[in-house]
2 protein chains.
Amino acid sequence: MSEREKIAGRLKEARVLSGLSQAQAATKMGLQRPAITEIEAANRKVSAEELLQFADLYKVNTSWLLGEEVLDGDETEEFQFAARELSKLKPEDIKKVFDILKILPK
Amino acid sequence: MSEREKIAGRLKEARVLSGLSQAQAATKMGLQRPAITEIEAANRKVSAEELLQFADLYKVNTSWLLGEEVLDGDETEEFQFAARELSKLKPEDIKKVFDILKILPK
DNA sequence: AGAAGTGGTAAGAAAATATTACCATGCAAA
DNA sequence: TTTGCATGGTAATATTTTCTTACCACTTCT
């Protein structure tokens with residue numbers, strides 16, 4: 001399954017879940033309805049700008065639309081904690097932390 | 001400043017920071033060099049799939065390329081920097097950093 | 001100076017997208 | 001049932017975008 005098909009599927013899923021018809025989505029996106037049909041059939045590319053628009057319209061993350069790994073709640077908590085703690089360090093010290101990480105057993 | 005110009009600027013910034021010439025980036029992306037030039041000049045759109053490819057090649061987040069806030073909440077430069085570095089890691093490695101930081105004195 | 005690497009740009013060819021229209025299906029009201 | 005309407009798929013061709021190739025200017029080496 002191609003990236004395009006995966007993105008297409010998520011765009012359709014997001015649209016349906018947001019309760020919009022292709023025609024309504026097209027209007028809000030400033031596109032013709034067939035464009036939505038083709039996008040959801042993976043026959044038409046989606047530009048980076050359109051991706052942002054779609055994410056806004058359908059109320060989803062661009063990362064999710066792109067099929068990237070989404071951190072679950074637990075990991076998000078830890079991620080934010082780690083980032084917050086790291087941000088208290090100087091950039092050079094942050095580098096040191098990452099260097100330590102590289103030495104740690106896998 | 002349009003979304004396209006913002007994305008274009010970040011793509012250029014990411015490429016330069018990753019130490020690649022336009023020609024090298026083009027080869028890795030499966031594009032002709034002028035395409036990179038035009039993309040970075042905001043004269044050519046970037047597809048969602050290309051965005052994923054660029055993020056992989058330049059080792060940055062698609063969210064960052066799209067100009068989205070990496071995390072809501074903290075806004076400091078240091079936090080953004082730390083978060084960006086963290087986001088390059090695998091989830092399991094983020095956990096390791098998290099564990100290290102928990103041990104550190106406050 | 002010459003050679004090589006870089007990035008910008010132009011022109012015609014090729015490909016993708018837009019526009020408009022028509023079709024089939026499903027569904028609810030008359 | 002039949003009519004009307006909403007929905008989504010698709011075809012034809014006009015339009016726009018992108019690709020390809022080439023040439024240019026500028027810089028950095030030797």
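Numbered from 1 within each chain, the chains take letters A, B, ... in sequence-line order. Reckoned from all heavy atoms, side chains included, excluding hydrogens, waters and symmetry mates. These numbers were taken from a predicted model, which means no experiment stands behind them.
- How far CZ of F54(B) is from CE of M29(B): 3.5 Å, rounded to the nearest 0.5 Å.
- Residues L11(A) and I36(A) have side chains not in contact (no heavy-atom distance under 4.5 Å, counting atoms from C-beta outward).
- For the atom pair CG (L17(B)) and OH (Y58(B)), the distance works out to 11.0 Å, reported to the nearest 0.5 Å.
- Within the structure, every side-chain polar atom (N or O) of K12(A) is placed at least 4.0 Å from both OP1 and OP2 of dT7(D).
- Closest approach of S63(A) and T62(B) over heavy atoms only: OG-OG1, 4.2 Å.
- Note that the CG atom of L66(B) and the CG atom of N61(B) stand 10.0 Å from one another [nearest 0.5 Å].
- With sequence neighbours left out, R4(A) forms a side chain to side chain donor-acceptor pair (under 3.5 Å) with no residue at all.
- Per the geometry, CD belonging to Q22(B) stands 5 Å off P belonging to dG7(C), to the nearest Å.
- As rounded to whole Å, 10 Å separates atom C1' of dT17(C) from atom CG of L31(A).
- Between the CZ atom in R10(B) and the CD atom in E5(B) there is a gap of 13.0 Å [rounded to 0.5 Å].
- Residue M29(B) contributes atom CE, which lies 14 Å from atom P of dT20(D) at whole-angstrom precision.
- Summary of helix geometry: the two end axes of the helix from dA1(C)-dT30(D) to dA30(C)-dT1(D), each defined by five base pairs via their C1' atoms, are inclined to each other by 30° (rounded to 10°).
- Heavy-atom distances under 4.0 Å link DNA chain D to N43(B), R44(B), K45(B) of residues 36-57 of chain B, given in residue order.
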Close N or O pairs between protein and nucleotides 3-6 of chain D (under 3.5 Å):
none

Under 4.0 Å protein heavy-atom contact, by nucleotide of nucleotides 22-30 of chain D - B base, S sugar-phosphate only: B--------
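- In terms of heavy atoms, I39(A) sits closest to K45(A) at CG1-O, 4.2 Å.
- Using a 4.0 Å cut-off between charged side-chain N and carboxylate O, K6(B) and E3(B) make a salt bridge.
- For residues 35-44 of chain A, the side chain to side chain donor-acceptor pair (under 3.5 Å) pairs, not counting sequence neighbours, are R15(A)-E40(A), Q22(A)-T37(A), Q22(A)-E40(A), E38(A)-N43(A), R44(A)-E50(A).
- Atom CG of residue L51(A) and atom OG of residue S47(B) lie 10.0 Å apart, to the nearest 0.5 angstrom.
- The distance between atom CD of Q32(B) and atom C1' of dT20(D), rounded to the nearest whole Å, is 6 Å.
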